[in-house]
*Asks:* 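Below are the C-alpha cells for one structure; questions will follow.
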Amino acid sequence: MTSKLSFCSLRRENLKSRLGIILVVGFIFFAYMIHFLISVQNISNQYDNAKDIRKSITSISEPRMIVGVYAILAAVLLAVSSFRYLHSKKETDFYHSLPIRRRTYLYIIMTNDLLVIAFYILLLSVFQCVITAAVGYFSPSFGRNVVWSFICYISVFTATYATMVFAMVLTGNTFVSLLSFAMLSSYMPVMLRNLYPCLASVFYRTYCENLEMGGFLSYLSPVSLANKLFTDYNGWTFKEHSQAFTVIWVWIIVMCMLDFILFERRPSEMAGKAMAFPKANAVIRILLVIPISIYAGIYLYSASFSSIKTWIAAGMVIGGFLAHGIIECIYRFDIRGLLSQKRQMVVSLAAAFLLVGIFWTDIFGYDIYLPESGETEAVLIDENYISDGFWGKEREGVSGETKKAVLNTLQDVVNENDKNSEDCDRNGRGTEYSFYTIRYRLKNGRDKRRVYVLDSKLEDRLMSEVFDTKEYREDTYPLYTADWSQVTNVELCHFMENMKLHMTKKQQAELFGIYLEEFSELDYEAAKTNIPFGYLLISHDESGESRGQNDFNTVSHYSGMDSYYIYPSFKKTIGYLENLLDEKIPLSFEELSITNIEMWRYGKMGLQGEYSVKDEETIQLVKDKLFGSSVWESGRNIFYPLDTSVDIRITVESAEGIEYVNVYTDEETIEMLERVEDGVK
Amino acid sequence: MIEINKVSKIFDKIEAVKEISLSIQSQNVFGMLGTNGAGKSTLLRMMAGVLKPDEGEIFIDGLPVWDNPRAKGLCFYISDEQFFYPNASAADMERFYSRYYPGFDRRRYIELLERFGLLKERKIQTYSKGMKKQLSILLGLCTNVPYIFCDETFDGLDPVMRQGIKAIFTKEIKARPLTLVVASHNLRELEDICDHIGLLHKGGVLLSRELEDLKCNLHKIQCVPAEGMENSFHEIFDITNFEQHGRLVLMTIRGEKEEILRKMESMNTVYYEALPLSLEEIFISETEVAGYDIKTLIL
C-alpha cells in the first residue's frame with residue numbers, strides 16, 4: 001500500500017500539518033539574517049581599509065556558535081512537534097491506524113525536518129553570500145566558510161534532532177522527553193566526566209586534575225559536540241575539527257539506528273505514560289541515582305566548612321533517596337512513587353557507596369603510588385601545575401641517574417605527604433610548604449600525575465637534585481627550546497614598575513641568549529640565597545603543536561605568557577637591559593630610601609599583629625632581604641625562603657615623592673622586625 | 001474476513017485481552033459488546049494495527065495486520081475520540097485521507113456532508129461532539145475500505161442522527177462489500193444494526209453468536225395456564241426465565257418456536273402469546289446460563 005502512495009504527497013501533508021512550528025523555526029533564522037546584516041554594516045563602518053573589512057566579514061561567515069544554538073533549538077522544536085503525537089492516545093490511534101509502515105512514516109517525518117532545516121540554512125548561506133557580494137567583500141574564503149558553516153549547522157542539527165527524537169520515542173510524555181533530552185545531553189560530558197575528578201579531589205590527597213582523562217566523554221552529547229565544532233582559536237579549519245566531525249556523524253548514525261529500532265518497537269499504548277519502555281526504567285533510574293547520590297554527598301561535604309567526610313554518607317543517603325523517589329514519581333506521575341521500589345533504591349545506594357568506598361579507602365593505593373625506577377621513562381617536575389601552555393619543545397622530564405635520585409626523594413615525599421598536607425591545611429601554606437606536580441612518564445606509554453605537598457626540607461632536597469641539571473632546566477624553562485619567533489612582547493617587571501622592552505627580533509634573540517647563558521650558570525645554592533629584583537615577562541603566540549597535544553581539552557589553561565627571574569648577579573643581562581632602556585635599574589631595595597616598614601601578621605582568627613618600623617638602622621639591616629611582592633606574583637617558584645603569610649609595606653621616598661611598595665621577606669627577618677622594641681604598637 | 005487467533009494484550013500486569021479467538025465474517029455488522037474495561041477498545045485497536053498483540057495474530061482477508069499497510073489499507077478505524085488536525089476543516093481532512101486511501105470518494109463525501117448539514121470549510125474544532133462523530137463516520141465511509149471499525153461511535157449522536165447513520169451503513173453494506181465492527185457498552189445501541197454479537201468480559205469472549213440464531217432459539221411466552229398446570233411448565237420446557245404475576249405467567253423458553261407453541265396448545269392454556277424478545281432479554285438468558293449476571297455486566 002505504502003509503495004503505491006506518493007511520498008511527496010505524504011510529505012506535503014506532513015509539512016502542512018506542522019506549518020506553525022516550521023514558520024517559528026524560520027523566524028529564528030530570519031532573526032540571524034538581520035543580525036548578520038547589522039554586523040556587516042557595523043564592520044563596514046568600523047574599519048577604514050578594505051582589507052580589514054574583508055577579513056572581519058570573512059570571519060563572521062565561519063561556523064558560529066550562535067547559529068549552532070539556533071540549530072539546536074530548531075532541532076528540539078521540530079522533533080517535539082513531529083513526535084508529540086506519540087504522547088497522545090488520540091493522535092497515536094489516528095496516525096498508527098493509517099495504512100503506512102511505521103518506519104516509512106518515521107522516514108517521512110525525519111527527512112521532512114531535515115529538508116526544512118536544510119532549506120533555512122541554505123537560505124541563510126545564500127543571503128550571507130548575496131549581502132557580502134553586494135557590499136563587494138565576497139571572497140573564496142568567505143564562500144568556503146559558508147560551505148563549512150552549512151555542513152556544521154546541518155551536522156549539529158541532525159545530531160541534536162536524532163537525540164531529541166530518541167528522547168521522544170523513549171518516553172510517553174513531552175515534558176519527560178525534554179527532561180530526558182537534557183539528561184542525554186549532560187549525562188556523559190557533565191555528570192559522568194566530573195564524577196571521578198570530584199571523588200578523587202575529595203578522597204585523594206595527591207590528586208592532580210588531568211583534563212585528558214575521560215575527555216572522550218565530552219564527545220558523547222550533541223550539545224558538547226556542537227561546542228567542540230564551533231570553538232576555534234585562530235580561524236575555523238576542518239583539520240582542527242575533524243575529530244569532532246567524525247564523532248558527530250558516528251553519533252548521528254547510532255542515534256538514527258536507535259530511533260528506527262525503538263520507533264518500530266514502541267508500544268502505542270504508552271502514549272501519556274512517562275516512559276515508553278518500562279523494562280528500561282530500572283536501568284535508567286539506577287544510572288541516574290548512583291552519580292546524583294554521590295554528587296549530593298560531595299555537595300554536603302563541600303558545604304560543611306569542617307569538611308567531615310561523614311557528610312558524604314549523609315548526603316548520599318539523602319540525595320539517593322530523593323533522586324530515586326523523584327524519578328519514580330516522574331515514572332508514575334504520582335507522588336506516592338517516592339517510597340516505591342525500595343529494593344532498587346537500596347541497590348543503587350549500595351552501588352554508590354561501593355564506588356565511594358573505593359575512593360574513601362584508597363583501595364588502589366592512589367596516594368601511595370610511586371612507580372619503580374625500571375618502569376619509569378622519566379619524571380616531570382613542575383613547581384606548581386604542569387602548564388598546558390608550555391611553549392617549548394615537548395616536555396620529557398628527567399631521566400637516568402637524576403630520575404633515580406628524584407624517585408628516591410619522592411618515596412619520602414609520598415611517605416610524608418599525609419602529614420605535610422594536614423599541617424599545610426592546618427597552618428596555611430606560609431613559608432614551609434610548597435606544592436609540586438609530578439608527572440611519571442611510564443615506559444608503557446602512560447602518564448601518572450600527582451600533586452605533593454613538600455616541606456621546605458624535602459623541597460630543598462628535590463631541587464638540589466635537579467635544579468643544577470641541564471635536563472631539568474631545559475625541561476622546565478621553555479625559553480631554552482622554544483621558537484623565539486613566536487614571541488610577541490617582552491616586559492621587564494621590576495619590583496618598582498613594569499617596563500615594556502621595544503626590541504627587534506634580533507635584539508630579543510640577543511637578550512634571551514645572554515639571559516640563558518647567565519641563568520644556566522645560576523646554581524641552586526645561589527638561587528636559594530639571592531633575591532631576584534624582577535623578571536622578564538615574555539608573551540608569545542599560541543603554539544599549534546602545544547594545542548594539538550590536548551585533543552580532548554579546551555585550551556583555557558594556555559596562558560601565552562612566561563616569566564624568568566633576573567637576579568642581581570646577572571650582570572650581562574642587566575647591562576643589556578640598561579643599555580636598551582637607557583637608564584639604571586635598581587637591583588635591590590638597598591638602593592632606595594626606605595623610611596618606614598609596616599607589617600600585618602594574619603592568622604586563622606584574622607589580624608594577629610600590626611607593626612611599624614621606622615628605625616633607620618634596622619631598616620638598613622633588612623633592606624637586602626626584601627622581595628617585591630609584584631615579582632613574587634610572577635608565578636614561578638622562588639627558592640629564597642619567603643614567609644608570605646605576613647604582609648609588609650614599605651614607604652619609599654624619592655625625588656618624585658613618596659611611594660608605597662608591598663614586599664615579602666624571610667621568617668628570620670620578620671622575627672627581627674617584630675623584636676624591635678620601639679616598633680611594637 | 002477478520003480472523004483473530006488467540007490474541008492477548010497485557011497493560012501494566014493487567015490482562016486487557018485474554019487469548020481471544022474470533023472470526024468476523026465479511027458483509028456483516030459485528031457488535032462488540034462489553035463493560036468498560038472488557039477489552040473492546042483494545043481488541044479494536046489491535047484489529048486496526050494500532051496496538052501490537054502480545055500474543056496471537058490478527059488477519060484481515062488473510063493478511064497480518066501489524067505494521068502491514070496492505071492490511072491496514074483495507075480498514076478504517078474510528079476511535080471513540082477521533083483526532084482532527086487543529087484548525088483543519090472537513091475539506092482539509094478529506095485531502096489528508098485521500099492521500100492515504102486512494103479509493104477515497106470525494107463526490108460522495110461532499111454529498112454526505114451536505115446531507116448531514118456539515119459545512120465543508122468550517123473548522124472542525126468549532127463542531128459539536130456529535131458533529132465530529134458524524135464527520136469521522138463519513139470520512140470512514142468515503143474511504144471505500146471493506147472494513148470499518150467503530151469504537152463507541154454511536155455514543156453522543158442524537159437519535160435522529162443515529163438512525164440516519166445506521167441507515168447509511170445498512171445501505172452501504174447492501175451496495176458494496178463492507179464489514180462493520182462496532183464496539184459499544186450499550187446493548188440497545190447495537191440491537192437494530194448488528195448481525196452478529198460478541199460479548200466481551202474481562203478480556204475474554206463470553207459469547208459470540210449470530211443475532212438471528214440467538215433470536216430463533218429463544219422465545220418469550222406470555223400465558224394464563226389452566227388450573228394446576230403452573231408447575232408443569234418446568235418439566236415440559238427448557239425455561240431460562242420464569243415470572244408469575246397473579247395468574248399471568250411470563251417465560252423465556254429455549255427451543256423451536258413451532259414446537260413451543262404446539263406444546264402450549266396441548267396444555268390447554270387459557271391464553272398464550274409469543275412476544276418479541278429484545279436483545280437485552282436474549283443476553284440476560286444466554287449469559288445467565290453461562291453463570292453470569294448480564295445486568296451487572298452491560299445493562
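In what follows, every heavy atom counts, from backbone to side chain, and hydrogens, waters and symmetry copies are set aside. Naming: A, B, ... by sequence-line order, numbering from 1 per chain.
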*Asks:* Tell me, with the steps shown, if B:Arg95 and A:Glu13 meet salt bridge (Lys or Arg N to Asp or Glu O under 4.0 Å).
*Replies:* CA-CA 9 Å; B:Arg95 277 190 287 274; A:Glu13 212 51 56; over 6 Å; no

*Asks:* Can you check whether A:Tyr95 and B:Tyr100 have ring centres sitting under 6.0 Å from each other?
*Replies:*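 No, too far apart.
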
*Asks:* Can you tell me if CZ on A:Phe119 sees more than 12 non-hydrogen neighbours from other groups inside 6.0 Å?
*Replies:*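 12 or below, so no.
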
*Asks:* From A:Arg101 CZ over to B:Arg70 CZ, what is the distance, rounded to the nearest 0.5 angstrom?
*Replies:*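 Between atom CZ of A:Arg101 and atom CZ of B:Arg70 there are 11.5 Å.
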
*Asks:* Answer yes or no: does atom CZ of A:Arg332 have more than 12 heavy-atom neighbours from other residues, nucleotides or ligands under 6.0 Å?
*Replies:*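 Above 12, so yes.
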
*Asks:* Checking heavy atoms, do the side chain of B:Asn87, its backbone, both or neither come under 4.5 Å from chain A?
*Replies:*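 Neither part.
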
*Asks:* Tell me if the CZ atom of B:Arg107 is crowded by more than 12 foreign heavy atoms within 6.0 Å.
*Replies:*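 Not more than 12 within 6.0 Å, no.
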
*Asks:* Do the non-hydrogen side-chain atoms of B:Arg45 and A:Lys89 ever get within less than 4.5 Å of each other?
*Replies:*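 Yes. Closest side-chain heavy atoms under 4.5 Å.
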
*Asks:* Hey, is NZ on A:Lys16 packed in by over 12 heavy atoms from elsewhere, all under 6.0 Å?
*Replies:*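 Atom NZ in A:Lys16 is crowded, with more than 12 foreign heavy atoms closer than 6.0 Å.
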
*Asks:* Atom CG of A:Leu98 and atom CZ of B:Phe76: how far apart are they, to the nearest 0.5 Å?
*Replies:*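 So the CG of A:Leu98 and the CZ of B:Phe76 are separated by 8.0 Å.
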
*Asks:* Looking at every heavy atom in both B:Val50 and A:Ser268, which two are closest together, and how far apart are they?
*Replies:*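 Taking B:Val50 first and A:Ser268 second, the nearest heavy atoms are O-OG, 2.8 Å.
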
*Asks:* Take B:Phe83 and A:Thr92 through the test side chain to side chain contact (heavy atoms under 4.5 Å, CB included) and record every step on the way to the result.
*Replies:* CA-CA 9 Å; B:Phe83 172 76; A:Thr92 311; over 6 Å; no

*Asks:* Are more than 12 heavy atoms, taken from residues, nucleotides or ligands other than A:Phe277, located less than 6.0 Å from that residue's CZ atom?
*Replies:*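 Yes.
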
*Asks:* Rounded to the nearest 0.5 Å, how far does CD of B:Gln82 lie from OG of A:Ser97?
*Replies:*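 Reported value, rounded in 0.5 Å steps: 7.0 Å.
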
*Asks:* Is it true that atom CD of B:Glu81 has more than 12 heavy atoms of other residues, nucleotides or ligands lying nearer than 6.0 Å?
*Replies:*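 Open: at most 12 neighbouring heavy atoms sit under 6.0 Å from CD of B:Glu81.
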
*Asks:* Side chain, backbone, both or neither: which part of B:Phe149 has a heavy atom under 4.5 Å from chain A?
*Replies:*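 No part of it gets close to chain A.
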
*Asks:* Can you confirm whether more than 12 heavy atoms, excluding those of A:Tyr107, are under 6.0 Å from its OH atom?
*Replies:*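 No, not enclosed.
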
*Asks:* To check you understand the geometry: which heavy-atom pair defines the closest contact between B:Trp66 and A:Glu264, and what is its length?
*Replies:*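 In terms of heavy atoms, the two residues are closest at CZ2-O, 4.1 Å.
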
*Asks:* Which value, rounded to the nearest 0.5 Å, describes the distance between B:Phe84 atom CZ and A:Glu91 atom CD?
*Replies:*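 Spacing of CZ (B:Phe84) from CD (A:Glu91) equals 12.5 Å.
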
*Asks:* Do A:Arg265 and B:Lys52 make a side-chain contact, defined as non-hydrogen atoms from C-beta onward lying under 4.5 Å apart?
*Replies:*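 No. Closest side-chain heavy atoms not under 4.5 Å.
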
*Asks:* Taking CE in A:Met257 as the centre, count heavy atoms belonging to other residues, nucleotides or ligands within less than 6.0 Å. Is the count above 12?
*Replies:*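 Incorrect, the count does not exceed 12.
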
*Asks:* Nearest heavy-atom pair of A:Asp93 and B:Ser79: which atoms, and what distance?
*Replies:*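 So the two residues come closest at OD2-CB, 3.9 Å.
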
*Asks:* What part of B:Asp12 lies closer than 4.5 angstrom to a heavy atom of chain A: side chain, backbone, both or neither?
*Replies:*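 Side chain of B:Asp12 only, per the 4.5 Å heavy-atom cut-off to chain A.
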
*Asks:* Please look at B:Phe96 and chain A and tell me whether the side chain, the backbone, both or neither of the residue comes under 4.5 angstrom of a heavy atom of that chain.
*Replies:*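 For B:Phe96, the contact with chain A is made by backbone and side chain together.
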
*Asks:* Test salt bridge (Lys or Arg N to Asp or Glu O under 4.0 Å) on A:Arg103 and B:Asp67 and set out the steps.
*Replies:* CA-CA 9 Å; A:Arg103 79 168 68 138; B:Asp67 209 17; 6.0 Å; no

*Asks:* Show the nearest heavy-atom pair for residues A:His96 and B:Lys72, with the distance to one decimal.
*Replies:*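 Reported closest heavy-atom pair: O-NZ, 2.6 Å.
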
